[in-house]
*Asks:* 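I have a structure here, written as structure tokens, and I will follow up with some questions on it.
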Amino acid sequence: MRALRRFLSGCLLVLAANVGANAALAATPRLQVAAASDLAPCIAALNQAFINSIGDVQVRASIGSSGNLHAQIQHGAPFDVFLSADMDYPRALAKAGAADAASLVVYAYGRLVLWSADPDLDLSQGLAVLRTPRVKRIAIANPDVAPYGRAARAVLQHAGLWDTIQPKLVRGENLAQTAQFIETGNAQAGFVSAAHAAGSTVKGRSWPVPLSFYPVIEQGAIITRHGRSNPLAAKYLRFLQSEAGRTILRQYHFSLPGGGQ
């Protein structure tokens, strides 16, 4: 009987400790961020730097195409902040009452590169390499939901290639999937963000697409309707515009409002 009492007492202590830990976890302020896929290489660094700057908070990020994240937020997904790869999707949320229009800011400008993991593919040819027999598949993000996909389409149209290379095109649901097609060799070349090319663990080659070939990729951050009651949301947007946030974005080859690489 004495052994049973000791066992039960031990169980109660463990239970009490778990309850206390769960209560502390629940009390920790939380921020839910919806981030466009072009931020996948750097979102963890951004979130950790934000946590370091303000203390004991939890930040969780969901990565996806800007269009799909926009649809999720519009249908009530509990994100506090939306980091889009364009300005159109956050503006649409604000117009629909699903986000705070006054909070909308440009946090970065994206850059598009032609990228390949094939060491024998000569990207110094630029877009002309896409016509060569060695390139059997060309990956782009779905233009219907991904701003970088729209930019890639604009580049191909500018070069007069859009119609002729249709049989070679493979479309990723988002930029991260597009990069994966190239990393795995399922596509010999494709268009991704400079951030993806720089942050990939797969060694590849890239050719910077001239900025005059596609519309400016102006990336917008906005506080959602859900996030208006979360003080961390406004702090996160201020952090993105701080030197600490800008330094990380600069490291991943984003251009910045007000100048800076």
Side-chain angles (χ1 to χ4, degrees), residues 28-66 69-70 73 77-91 93-94 99-113 146-148 151 174-176 179 192-201 208 211 216-261:
T28 303
R30 297 184 181 187
L31 183 73
Q32 300 279 353
V33 177
S37 291
D38 70 307
L39 293 170
C42 64
I43 192 66
L46 285 169
N47 290 346
Q48 188 57 56
F50 174 67
I51 292 169
N52 294 344
S53 72
I54 65 171
D56 188 22
V57 299
Q58 294 182 60
V59 182
R60 294 182 179 176
S62 293
I63 302 293
S65 69
S66 297
L69 292 172
H70 159 268
I73 294 168
F79 296 117
D80 300 305
V81 170
F82 177 34
L83 305 181
S84 178
D86 72 355
M87 295 292 282
D88 292 340
Y89 285 124
R91 283 180 180 138
L93 287 176
D100 179 8
S103 70
L104 179 60
V105 295
V106 177
Y107 66 91
Y109 298 100
R111 294 178 175 180
L112 192 69
V113 299
Y148 279 83
N174 52 54
L175 201 59
V192 298
S193 68
H196 267 95
S200 175
T201 58
L211 295 176
V216 175
I217 304 176
E218 193 177 37
Q219 307 201 183
I222 197 167
I223 297 172
T224 68
R225 179 170 53 202
H226 182 273
R228 281 188 297 206
S229 60
N230 187 345
L232 291 178
K235 291 181 180 179
Y236 193 87
L237 261 60
R238 287 197 294 272
F239 164 76
L240 284 180
Q241 299 168 83
S242 72
E243 190 52 38
R246 287 167 63 90
T247 295
I248 294 171
L249 290 167
R250 191 180 296 115
Q251 289 171 350
Y252 284 86
H253 301 273
F254 289 97
S255 297
L256 302 173
Q261 185 72 356

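Predicted model, so just to flag it, every value in this text is computed and none were measured. In what follows, every heavy atom counts, from backbone to side chain, and hydrogens, waters and symmetry copies are set aside.
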*Asks:* According to ring pair (Phe, Tyr, Trp, His ring centres under 6.0 Å), who are the partners of F239, at least two apart in sequence or on a separate chain?
*Replies:*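 F239 satisfies ring pair (Phe, Tyr, Trp, His ring centres under 6.0 Å) with F50 once adjacent residues are dropped.
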*Asks:* Could you grab the distance from atom CD of Q58 to atom CG of N47, nearest 0.5 Å is fine?
*Replies:*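 Output value for this atom pair is 12.0 Å.
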*Asks:* Can you list everything that forms a ring pair (Phe, Tyr, Trp, His ring centres under 6.0 Å) with Y107? Sequence neighbours excluded, please.
*Replies:*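 Once residues adjacent in sequence are excluded, Y107 has no partner under the ring pair (Phe, Tyr, Trp, His ring centres under 6.0 Å) criterion.
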*Asks:* If you look at every heavy atom in L69 and A35, which pair is closest and at what distance?
*Replies:*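 What the structure gives for the nearest pair is CD1-O, 3.3 Å.
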*Asks:* Going by the rule side chain to side chain donor-acceptor pair (under 3.5 Å), which residues pair with S65 if we only count those two or more places apart in sequence or in a different chain?
*Replies:*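 Once residues adjacent in sequence are excluded, the partners of S65 under the side chain to side chain donor-acceptor pair (under 3.5 Å) criterion are N68.
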*Asks:* Please report the interatomic distance CG(L39) to CD1(I248), rounded to the nearest 0.5 Å.
*Replies:*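 Rounded to the nearest 0.5 Å, the CG-CD1 separation comes to 11.5 Å.
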*Asks:* Tell me every residue that passes side chain to side chain contact (heavy atoms under 4.5 Å, CB included) with A94, counting only those two or more places apart in sequence or in another chain.
*Replies:*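 Checked A94 against side chain to side chain contact (heavy atoms under 4.5 Å, CB included); matches are A101, I222.
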*Asks:* Quick check: do H226 and P78 have side-chain heavy atoms less than 4.5 Å from each other?
*Replies:*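 Answer yes - side chains close enough.
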*Asks:* Taking the side chain as every heavy atom from C-beta outward, state whether M87 and L104 have any pair of such atoms under 4.5 Å apart.
*Replies:*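 Yes, their side chains come closer than 4.5 Å.
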*Asks:* Would you call Y236 and I223 a side-chain contact if the rule is heavy atoms closer than 4.5 Å?
*Replies:*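 Side-chain contact under 4.5 Å: no.
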*Asks:* Any idea which heavy atoms bring S103 and L237 closest together, and the distance?
*Replies:*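 That would be O-CD2, 3.3 Å.
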*Asks:* Could you go step by step and tell me if L83 and Q219 meet the side-chain contact (heavy atoms from CB on, under 4.5 Å) rule?
*Replies:* CA-CA 7 Å; L83 305 181; Q219 307 201 183; over 6 Å; no
*Asks:* List in chain and number order the residues that pass side chain to side chain contact (heavy atoms under 4.5 Å, CB included) with A195, two or more places apart in sequence or in another chain; answer none if no residue qualifies.
*Replies:*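 Result, side chain to side chain contact (heavy atoms under 4.5 Å, CB included) vs A195: P41, S193, Y252, F254.
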*Asks:* Restricting to non-hydrogen atoms, name the atom on G245 and the atom on L46 that form the minimum distance, rounded to 0.1 Å.
*Replies:*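 Minimum heavy-atom separation between G245 and L46: O-CD2, 3.9 Å.
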*Asks:* What is the minimum heavy-atom distance between Q241 and R246, and which atoms define it?
*Replies:*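 Distance-wise, the nearest heavy atoms are O-CD, 3.4 Å.
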*Asks:* Could you tell me whether the side chain of L31 reaches within less than 4.5 Å of the side chain of V57, counting heavy atoms only?
*Replies:*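 The answer is no; the side chains never approach within 4.5 Å.
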*Asks:* Once side chain to side chain donor-acceptor pair (under 3.5 Å) is applied, do any residues pair with Q48, and if so which ones, sequence neighbours excluded?
*Replies:*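 Partners of Q48 under the side chain to side chain donor-acceptor pair (under 3.5 Å) test: N52.
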*Asks:* Excluding sequence neighbours, so at least two apart, what forms side chain to side chain contact (heavy atoms under 4.5 Å, CB included) with A198?
*Replies:*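 Scan of A198 (side chain to side chain contact (heavy atoms under 4.5 Å, CB included), adjacent residues dropped) gives H253.
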*Asks:* Using side-chain heavy atoms (C-beta onward) and a distance below 4.5 Å, is I217 in contact with D38?
*Replies:*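 SC-SC contact between I217 and D38 ruled out.
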*Asks:* Which heavy atom of H196 sits nearest to which heavy atom of A179, and what is that distance?
*Replies:*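 Closest heavy-atom pair between H196 and A179: CD2-CB, 3.8 Å.
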*Asks:* Could you work out, with side chain to side chain donor-acceptor pair (under 3.5 Å) as the rule, every residue matching D100, not counting sequence neighbours?
*Replies:*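 Side chain to side chain donor-acceptor pair (under 3.5 Å) check on D100 returns nothing, list empty.
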*Asks:* Suppose we screen for side chain to side chain donor-acceptor pair (under 3.5 Å). Which residues come up paired with T247, at least two apart in sequence or across chains?
*Replies:*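 Partners of T247 by the side chain to side chain donor-acceptor pair (under 3.5 Å) criterion, ordered by chain and then number, come out as E243.
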*Asks:* Would a 4.5 Å heavy-atom cut-off, applied to side chains only, mark S255 and R111 as touching?
*Replies:*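 Touching, per the 4.5 Å side-chain cut-off.
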*Asks:* Search all heavy atoms of A85 against all heavy atoms of A36 and return the closest pair with its distance.
*Replies:*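 Looks like N-CB, 3.6 Å.
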*Asks:* Name all residues meeting the side chain to side chain contact (heavy atoms under 4.5 Å, CB included) criterion together with V113; count only those two or more places apart in sequence or in a different chain, and write none if there are none.
*Replies:*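 Expected list: W115, V192, A194, A197, S206.
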*Asks:* Under the ring pair (Phe, Tyr, Trp, His ring centres under 6.0 Å) test, which residues partner F79, sequence neighbours left out?
*Replies:*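 Ring pair (Phe, Tyr, Trp, His ring centres under 6.0 Å) check on F79 returns nothing, list empty.
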*Asks:* Taking only residues two or more places apart in sequence, or in another chain, which ones meet D80 in a salt bridge (Lys or Arg N to Asp or Glu O under 4.0 Å)?
*Replies:*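 Here no residue qualifies.
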*Asks:* Do the side chain of S37 and the main chain of G64 share a donor and acceptor less than 3.5 angstrom apart?
*Replies:*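 Judged by distance alone, yes, a pair lies under 3.5 Å.
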